[in-house]
Every structure is written in structure tokens, then in C-alpha cells.
Amino acid sequence: MSTVRCRIAPSPSGFLHIGTAKMALFNWLFARSQGGTFVLRLEDTDAERTEEEFVDAMCEGFKWLGIDWDEGPPFGDEPEKGALGPYRQSQRRELHHNEGMRLVAEGKAYRCFCTKEELDADRALADAEKRPFRYSRKCRDLTPEEIAAKGDTPFVVRFRVPEGETVVDDLVQGPVKFNNKEFDDFILLKPNGDPIFHLAVVVDDGLMQISHVIRGDDHLTNAPRHIMLFNALGYPLPQFAHLPMVLDDAGKKFSKRMHGANVLDWRDEGYLPETLINYVVMLGWTSEEEGREFFTLEELKHLFNINRLNKSAARFDRKKLDWLNGQHIRMLTPETLRDRVLPILAAKGIDTSGKSVEWLTQMAAICQEKIPTLNNIVDYVDFFFRDVDAYDMKAENKYFRQPESAAWLEADIRMMTAAEDWTHDALKAAFEKEVEVTGVKLGSLVNAARLALTGKPVGPGMFELAELMGKETALQRMNRALEHVRSIT
RNA sequence: GGCCCGAUCAUCUAGGGGUUAGGAUGUGGGAUUCUCAGUCCCAUCACCGGGGUUCGAAUCCCCGUCGGGCUGCCA
């Protein structure tokens, strides 16, 4: 039986950040590949930054990506899952506070009566003198009498950082050694009894029996503090793995404000969750199968290997994402593609209710090879749902303003009218025969027809779209185009 | 400032004492006698710099440079 327990502990700040998604994914993957447990814990102790909608928005991001959790807080209709809750940090204050005070009782932490103002002044002085600020430790060895004399004076609780050195045995970074002198006696509890991040994470990870802490490498220098706390609290030490963060396409930290920082931005732009998972996993991990780049979540569950994580940060490259999305779109069945694309058309005000499911499936199918994102489908099919009232100008010059333009359309109309079978194959055969006997270029016939039928220079294959459009509508549009051509040439 | 981490084509990466430094995306060109896209082929492009160690360094070590992080009564 596996004892692997991983967690993602995001602070719900409004949406699921791409970087958080990466960390969640790797934790999830590790837990799943080891038959372990994946825990979602909300670090919502910063009250001003937490709103219920924020929590919902973030969980929606996880759901979209397909990252589920075995233990976690209530979400939507789901009750809290797991026996080691509560899974919202804001509901664990008592625990944090008690553990902090336990350290005081055990002499591993102490009450500090220095005020924030005093500390700020010290800090300013240190700055002015260009020396590193360090807490004076003046409260470190107060006698019981001195403490008693303080009466009701508010105090913070500080950790008594032990002498010596702390080694983080990191699964990704290797052993990283720190001299404990580098660390101040950091604060554990605020004057109101609330815990500081370092205490809260360690208490939560300890009590939730987390076996592997996989997180961003911005926490690498926090790890020794956490290790000291694990030891002081008497919790078994988890394994650590610090992963590089995701950079934007300019190589900078992916700012919260930037478009694309929210994973749901990608959904809204027509990317598949499969794509995002596949793309993010490639940002810092490679499979043993060299050169392989295409993965589904299900495959990843079996292939994931924590030894193949990368140490350096990677940029988020939109171009490669586009390519990958196209790959994933092509992997879909036409039915699935249809279902994914229908809401997008609806959102654009396109009413598809008059069409059969079979027809809509065909519509999706003829675009499948061509669109890099789901949203691109709109331009590929909108002409099916509205009249063509204008023609693309450049295409018009090329196909409607030539001396032979009318002749092309006349030939098209003649063949279409004569078509006994209104199918892609029959139409294609007729056009090819025409080319053979008259020597006219197929492109001229086809592109003039496409322009007549869609008003656009680009789109699905002409024979495919004509078949779907139906003979009657197609011929109406062809005749209208012919009139138009005669009027301008 | 102090401490810590990182560095292979433009981008994601493989490799890791002796290789023609491999793949993918992008870009350029060609093919596919319907556009666009796709697909297929070809081409283009890299070991951050300097010192060591070694017969031999992209690979190991040191220094530097650059990038990132921590250094909060934020998480």
C-alpha cells in the first residue's frame, strides 16, 4: 500500500494561475502514478484576499483541466472529502495556534514583545547603514519574571532557530545546504494569535501526513525553515521537490495580471484542457521515451516519473501551444469536436438548432483538420447560418473581376444544376471532368464557387461545404454571385 | 548587500568525459494538379564567458556574467 500523500495548497486569489496549475499537475501526477492520495488545501488565511467566488473560480480551473482531488474542502454540491480536515486553512487557526504555543512551552519558540514600530525603525537603520537587517533577539532569553512583568502586553511568537546547518535533500535540486545563521528567529504567531505562513504550512502538512511536498522553487529557501519546524514539532519529515516556475513568453515571471495567467483564459480562447495538460507537462518534464511529446492525462498517470523533472525555468510559448492544440483537436472524434464547438457558436449568436446532429457532426468534421483552436471554427462555418451579403475584396479581384469570371460561375452553375447526386464525390467528379475537357483550371472553378458560397477566400473544402449547404441554397448563392459578377465586369 | 537555485538552436528539450550534439515548435523552400490549414520532404539555428582537471570538457571543478528566488506581524 502506498503512503504517498501529495497536496496543492493554493491561496485563492481570484483564479487558477498557470503556475499553480503546473504544481498541481505534478503533485497530482506523482500521487496518481504512485497510487497515492492527492489533497487540495486552501490557504485562505489572508482574509482580505479571499472571496467565495475566488474559491469557485479556482476550483473550476482544476475541474476544467481534469485535476481531481481525493481530499479537500467542500466545493459546489460536494461535501468535504477526507479525514484529516478541515481543508481550509482559515478553519485551522486553533490548531496552528496551539502548536505554536506548544513550541513556546517546549522552549523551541518564545514570546517577543518588540513592536512592529520598533522593528521597522531597526530595519530602516540597517538599511541606512547598508548592513543586513537582523532581528536583535532581544526577547530571546527573557526570564519568566520579565515575561510576567509584561502583563497584557501583546506579543508575537518567534521560532528559536537552532545552531548548525540544515540540508534540504531535494528530489529535483539535490542536496542544498544552508547555514542556520542565515535565518532570523522568524515569527510564528501574530499578536492576535494568527499563524504566519511558515507555521501554518508545516502544521498542515504535518497533520495531513503529507509525504511529498512538490512546489515552486521560490520555496527552496523556505524549505530549511520548514524542516527546522517539522523537527521542532516532532512531525516526520516529508520529501521535498522544488520545481522551476513558468515564465511568460518574454522570459519573465508569469504575472497575475497578464492574459493567459488564468488557465481559463485558454479555455475561453478555444484551447482544449488536454492541450494545456500536455503543454504544461512538457514544461519541465520529459518522458523516458525520447522525443515523445504527445500525452494524455491517462497516459501520464502511468508514464510520469519524478526523476525526469527539469531544473530550469521554461517559457510559455504560444506558437507551440497552437500546434499542440491542433494535434489534440485532430485526435477528437467528430462527435466530440461537435459538442465542444456548439457552445462556442451559440456564444457568437449562431443558432444551430435548425440542423440535425448528423449535419452538425459533418460540419465539425470538415473543419477538424484546419482549425488550430476551437474558436477558429466560427469563421469556418458562419456562412452556413447567414446569407452572403458581401465578398472578400481581395478574393473578389482574383475570382470575380477576371474576364473569365462569369464563365467560371456559369460552368459551376451548369454542373451543380446537373448534379444528380448532391455529394462531395459527385461534385468533385463533375468538376474534374470539366477541367479535363475544357482545360480550365480547377482552382478557378473551385475558388470562384467558394467565394460565391461563403463570401470568403478561405474555408473548408469547397465540395464538402457545398454538400452540407444543400443544392438549393448553393444554387441561390451561385446565381446571386453571377449577377454580381455581371454587374461589376 | 547576504544566502540559495538555474543556464544546450529564437522557443521547449535529449544527451552528459571521445556523438556528424538528436528531436519538437517556429522560420524559409519544395511536394500534395481547390483556398486556408494539415500532411510529407529539405533547409536553417545551440552547448553563456574565462580559467582549471584530463590524452581529450558541452559534460567534472572554480570564478565571472546573466536570469530567478528568499531575506515580512504576505502566502
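Every chain is numbered from 1, with letters handed out A, B, ... down the list of sequences.
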Provide the distance between the two C1' atoms, one in B/U59 and one in B/C3, to the nearest whole Å. 28 Å
Taking atom types as modelled, find out whether A/N262 and A/H17 have a side-chain donor-acceptor pair closer than 3.5 angstrom. no
Under 4.0 Å, heavy atoms only, any strand: does A/N222 hit a base, just the sugar-phosphate, or nothing? base
Please report the distance separating the C1' of B/C73 from the corresponding atom of B/U13, rounded so that it comes out in whole Å. 44 Å
Do the non-hydrogen side-chain atoms of A/L243 and A/L309 ever get within less than 4.5 Å of each other? yes
For A/C114, answer base if it contacts any base atom (sugar-phosphate contacts may also be present), sugar-phosphate if it contacts only those atoms, and nothing otherwise; contact means non-hydrogen atoms under 4.0 Å. base
Does a donor on one side chain and an acceptor on the other come within less than 3.5 Å for A/R450 and A/N447? yes
Tell me what A/G284 touches on the nucleic acid: a base, only sugar-phosphate, or nothing, going by heavy atoms under 4.0 Å. sugar-phosphate
Between B/A21 and B/C45, how far is it from one C1' atom to the other, in whole Å? 13 Å
Nearest-Å distance once atom C1' is located in both B/G6 and B/C41: 38 Å
What does A/F463 touch in the nucleic acid at a heavy-atom separation under 4.0 angstrom: a base, only the sugar-phosphate, or nothing? base
Could you tell me whether A/R111 sits above the aromatic face of A/F155, with NZ or CZ closer than 6.0 angstrom to the six-membered ring centre and within 45 degrees of the axis? yes
Are A/T361 and A/R338 linked by a side-chain donor-acceptor pair shorter than 3.5 Å? yes
C1' atoms of B/C66 and B/U8, separation to the nearest Å: 16 Å
With a non-hydrogen cut-off below 4.0 angstrom, is A/K311 in contact with a base, only sugar-phosphate, or nothing? sugar-phosphate
Look at the side chain of A/K394 against the base of B/U35 and say whether a donor-acceptor pair falls under 3.5 Å; ignore hydrogens and angles. no
For nucleotides B/U54 and B/C40, find the distance between their P atoms and express it as a whole number of Å. 50 Å
Distance check, P atoms only: B/G15 and B/G23, in whole angstrom units. 15 Å
Using the C1' atom on both, measure B/G26 against B/A46 and round to a whole Å. 15 Å
